[in-house]
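Comments concern the structure below.
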There are 2 protein chains.
Amino acid sequence: MPETPLVSIRDVANHAGVSVGTVSNVLNRPDIVASATRARVLAAITELGFVPNDAARQLRRGRGRTLGLVVLDVANPFFTDVAKGVEDTTGAAGMAVIFCNSDGDLTKENAYLDLLEEQRVQGVLITPIDDASARLHRLRDRGVRVVLLDRRSPEAGVCSVSVDDRLGGELAMRHLVESGHRRIAFVGGPHRLEQVRDRYDGALQALTGAGLGEDNLRRYETPALTVAAGRDAAARILGQPRRTRATAVFCANDLLALGTLQVLTRQHIRVPDDIALVGYDDIDFAAAAAVPLTSVRQPRQRLGQTAAGLLLEEANRPETHRHQQVVFEPELVVRESSQRILTEG
Amino acid sequence: MPETPLVSIRDVANHAGVSVGTVSNVLNRPDIVASATRARVLAAITELGFVPNDAARQLRRGRGRTLGLVVLDVANPFFTDVAKGVEDTTGAAGMAVIFCNSDGDLTKENAYLDLLEEQRVQGVLITPIDDASARLHRLRDRGVRVVLLDRRSPEAGVCSVSVDDRLGGELAMRHLVESGHRRIAFVGGPHRLEQVRDRYDGALQALTGAGLGEDNLRRYETPALTVAAGRDAAARILGQPRRTRATAVFCANDLLALGTLQVLTRQHIRVPDDIALVGYDDIDFAAAAAVPLTSVRQPRQRLGQTAAGLLLEEANRPETHRHQQVVFEPELVVRESSQRILTEG
DNA sequence: GCGAGTTTATGAAACGTTTCACATAGTCGC
DNA sequence: GCGACTATGTGAAACGTTTCATAAACTCGC
C-alpha cells in the first residue's frame, strides 16, 4: 500500500490560486477573507480532500488540541462515568481526550505523564495514586495545566474537583450504627489512596460521634479496589469465628462490595440478615446486584464535566482564571443490602 | 503564571557543546554516538529538564505515536475490557491511545474520525456503527490504517478481529430450546448494529435447526444496548397477557439483560422459574447480578490485544503484513438465570 | 608516515502550519 | 484627483524535530 502523498495547505493554495497565508486565514479567521476567495479556497479543500495537519499547527502554536485523563482503573464504572462527563465537555469544545489508565501503578502513571508531556497536551486531569505533588508541580512549572480529579488539592495553586469522602464515610457508618451494628468491618485499600483513607476516617468519626470506639471497626486492607480484591477480603472476614465476626461490612467502593457479596451469597450467608453490606460510588450495577446494594452516591458525570470545564477555562482565559477547589456532597442511597426486608419483619 | 519557555533540542546541544544532530542521535540511535558524548548529552538533558516535542517529531516523520480507538459505549464494561486489552499492547510499545466514544451516534463517530485524521494517528481501531465502508475506505486511502473491532470485515483489504456472533446467538438459543422453552423473546437493537443482527440470525437458525419456526421468537427492538433500554423492553414484555407471554428472554448484551432482570425482580417475576434469562458478553457483573446471569462469553481483552497487535504489525512491517480476519469463538456460560435451581427440583 | 577504512560529529534542508510586517488596490471625502 | 483610510492578500520567518550528505578525526597494515 503506497503511502499516499498527503495534500498540504500549499497544494490547496496552488489549486485555488492564492497564497498559503490566505488558506490559513480561511481556516482560522474566515471573516477576514473576501467571500469570493473564501469560496474558491473551500472548494479546493474539498476537491483535494485536504485534512489539516494538527502536528504542524501545534508546533507553531505551542500547544495541541488534546488533553490527558489519567484514572486509576478503566474497568471501574465510576471512572468511565467520570470519563463520559469529561468527554461531554471536551467534545463540545472540539478537543480530544487521551485516556490513560494508571491501574494504580506508579510506574505506569509516570510513564503516561511523560507521554502526555511530550504530546504537549493542553492539560491533565488526574486522579493521582499518591500525592505526587513533586511530579505534578514539575508538570505545572513546564506549563502543563493540572486539575485534580476526585481528590482535593491541598494547595490553592491547583484546581481540584472532588467529593467529600469523609462525609461519605460518615454517612455510611452512621447508617450502620443506627441500624444497631456494633462489630463492623471496613474493607478497602491500598491505604495510600487518599479516598480510602478519608472514607475510613469519616467512618471512624461517625463511630466516635455515636459514643463508640475504634475497636468496633476492624479494618481489612485490600491491594486494589476491585471485585477480585473484594472476594479475598470476604474470605478473610468469614475466616473469623462466628461470635466475633463482623455483622456489617462497609466497602470503600462498589466493586469491593460486589466481590464481597458474591462470596457471602455463595457461602449462604444472608445479606443483610447475617451480614449487612454498604458500598461506595453507587455505580449503576450496585442497584442490579444480587442483593441491591446500599451505597454512597457521587455525582460521577458532573465530576468529569466540572473538571474538564475548569481546565478549559484555565486554558482559554488564563488572565481571569482563579484556581478553585470544587467539593461535591455525597448522598447515601439505602437499599436492601443494609436493611431487613420489610416483608420479613 | 508565565508560560515557561520550553527547552528545545537546540538548548540541549548548546549546553552539551554538540550539534543538534548529535542530540537527536542520542535520542533515536544512541548506539552510533560515542559513549562519552552520549553521557554528556544525557546529562544536559536531565539538567535542563528537556522533554522532546512529539509534534515536531511527528511533523518530520509523517505519523505520530498515537492510535485511535472508537467504541460504541464507554459505559459498557465490554468495551472497557477491550480497551484494556488495547492498552496492554500499545503501552508496551510506548504508544498512546486516543479513546473515542461514538455513543452509537453517527455524527459523533464522524467527528472523531476527522479529529483522528488531523492527529495523523498511526491507525484506528473501530467498532463502526454501520458498515460505513465509504468513510473507512477514504481513511485507508489517506494512509490511515484501519482495524475493525468486534466486527468482521467483509473485504480482504482490511484487518478485523471479531467473535462469531451467529454462533453465539445459536448457542444461547439452543440452550433455551433444549430447556423446553417455546415462546422466546429477543431483546436487542438498534437493528443496524451488525452484532445485533448476527446474534438474532444465529438464534433463528438454532430455532429452525430444532424444527421450530420464526413465530416462536418474538423480537423487541431497543434503541440502544443499555441497562435503561433493557428496563423498557422488560416492561413491554410484561405488558403481554400472561398466557402468550415469553417464558424466556435472550438479550443481545448483558446490560440489556441486567435492566430486564431489574424489572422482573421488582415485579416479583421469578427468574428463571417464571421467565428464564440469557445475556451476552459475560461481563464481570453478569456473575454478580441479582440472579447470576447465563451469558455468552467473549474473549474481550484478547480482542483488544489482537486488534492492537495487528495494527502495530501493519505499521511496523508493512511489507510482510497480510491483512487478516481473526474470528474468535464464543462460549456459553450457564448460570442460575436460565436453569431451575437444583435444590428446588 | 601514507592510503584506505572506520568511527563520530556537523550543519542545513525539510516537514506543514501560523503569524506578521508589508504591499496592493479600492473607497471616500473634499 | 489627492491624501487618508480600509479591505484584502502576500511571502517569508519561525516552531522543534529528523535525516542525510559531508567533513573531520582516528586506526590500521604495511
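Since this is a predicted model, take the numbers as computed values, not measurements. Chain letters run A, B, ... following the sequence lines, proteins first, then strands; residues in each count from 1.
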Show the numbers, then the answer: is there a salt bridge (Lys or Arg N to Asp or Glu O under 4.0 Å) between B/Arg135 and B/Asp130?
-> CA-CA 11 Å; B/Arg135 184 70 165 95; B/Asp130 53 24; over 6 Å; no

Value rounded to 0.5 Å, distance of CZ in A/Phe99 from CG in A/Leu67 | 12.0 Å

To the nearest 0.5 Å, atom CG of B/Asp103 lies from atom NZ of B/Lys108 at 4.5 Å

When you check every protein heavy atom under 4.0 Å of nucleotides 23-28 of chain D, what one-letter string (B, S, -) results, 5' to 3'?
-> ------

What does nucleotides 5-14 of chain C look like as a protein-contact string, B for base, S for sugar-phosphate only, - for none, at under 4.0 angstrom between heavy atoms?
-> ---SSBB-BB

Contact class for A/Ser8 vs. all strands (heavy atom < 4.0 Å): base, sugar-phosphate, or nothing?
-> sugar-phosphate

Which part of the nucleic acid does A/Asn28 contact within heavy-atom distance under 4.0 Å: base, sugar-phosphate only, or nothing?
-> sugar-phosphate

To the nearest Å, give me how far apart [atom1] ([X]) and [atom2] ([N]) are.
| X | N | atom1 | atom2 | result |
| --- | --- | --- | --- | --- |
| A/Leu59 | C/dC15 | CG | P | 14 Å |
| A/Asp54 | D/dC15 | CG | C1' | 14 Å |
| B/Asn53 | D/dG16 | CG | C1' | 6 Å |
| A/Arg120 | D/dT17 | CZ | P | 7 Å |
| A/Leu27 | C/dG16 | CG | P | 15 Å |
| B/Arg65 | D/dT18 | CZ | P | 11 Å |
| B/Asp11 | D/dT17 | CG | P | 9 Å |
| B/Arg63 | C/dC15 | CZ | P | 16 Å |

What residues form a salt bridge (charged side-chain N to carboxylate O under 4.0 Å, His left out) with A/Glu118, not counting sequence neighbours?
-> B/Arg65

Angle, rounded to 10°, between the helical axes spanning five pairs at each terminus of the helix from C/dG1-D/dC30 to C/dC30-D/dG1?
-> 30°

Give a yes-or-no answer on whether the side chains of B/Gln122 and B/Arg145 include a donor-acceptor pair shorter than 3.5 Å.
-> yes

Pairs of donor and acceptor atoms involving the side chains of residues 302-311 of chain A, under 3.5 Å and at least two apart or interchain, shall be tabulated with distances.
residue, atom, partner, partner atom, Å
A/Gln305, NE2, A/Asp88, OD2, 3.0
A/Thr306, OG1, A/Arg302, O, 2.5

Solution key, residues 72-85 of chain A side-chain donor-acceptor pairs under 3.5 Å, sequence neighbours excluded:
residue, atom, partner, partner atom, Å
A/Asp73, OD1, A/Ala75, N, 2.9
A/Asn76, OD1, A/Phe78, N, 2.9
A/Thr80, OG1, A/Pro77, O, 3.0
A/Asp81, OD2, A/Arg300, NE, 2.7
A/Asp81, OD2, A/Arg300, NH2, 3.4

Residues which pass side-chain hydrogen bond (donor to acceptor under 3.5 Å, both in side chains) with [X], listed by chain and number, not counting sequence neighbours:
| X | result |
| --- | --- |
| A/Thr90 | none |
| A/Asn53 | none |
| A/Ser24 | A/Asn28 |
| B/Glu313 | B/His321 |

Does A/Val121 offer a backbone N or O that forms a donor-acceptor pair with the side chain of A/Arg63 under 3.5 Å?
-> yes

Sequence neighbours excluded, every pair satisfying salt bridge (Lys or Arg N to Asp or Glu O under 4.0 Å) that has a member inside residues 38-47 of chain B | none

Between C/dT19 and A/Arg61, is there an OP1 or OP2 to side-chain N/O distance shorter than 4.0 Å?
-> yes

Are A/Arg10 and C/dG16 close enough that a side-chain N or O sits under 4.0 Å from OP1 or OP2?
-> no

Salt bridge (Lys or Arg N to Asp or Glu O under 4.0 Å) between B/Glu314 and B/Arg140, intermediate numbers included | CA-CA 12 Å; B/Glu314 186 176 348; B/Arg140 279 204 67 77; 3.4 Å; yes

Contact residues, residues 43-52 of chain B to DNA chain C [heavy atom, < 4.0 Å] | none

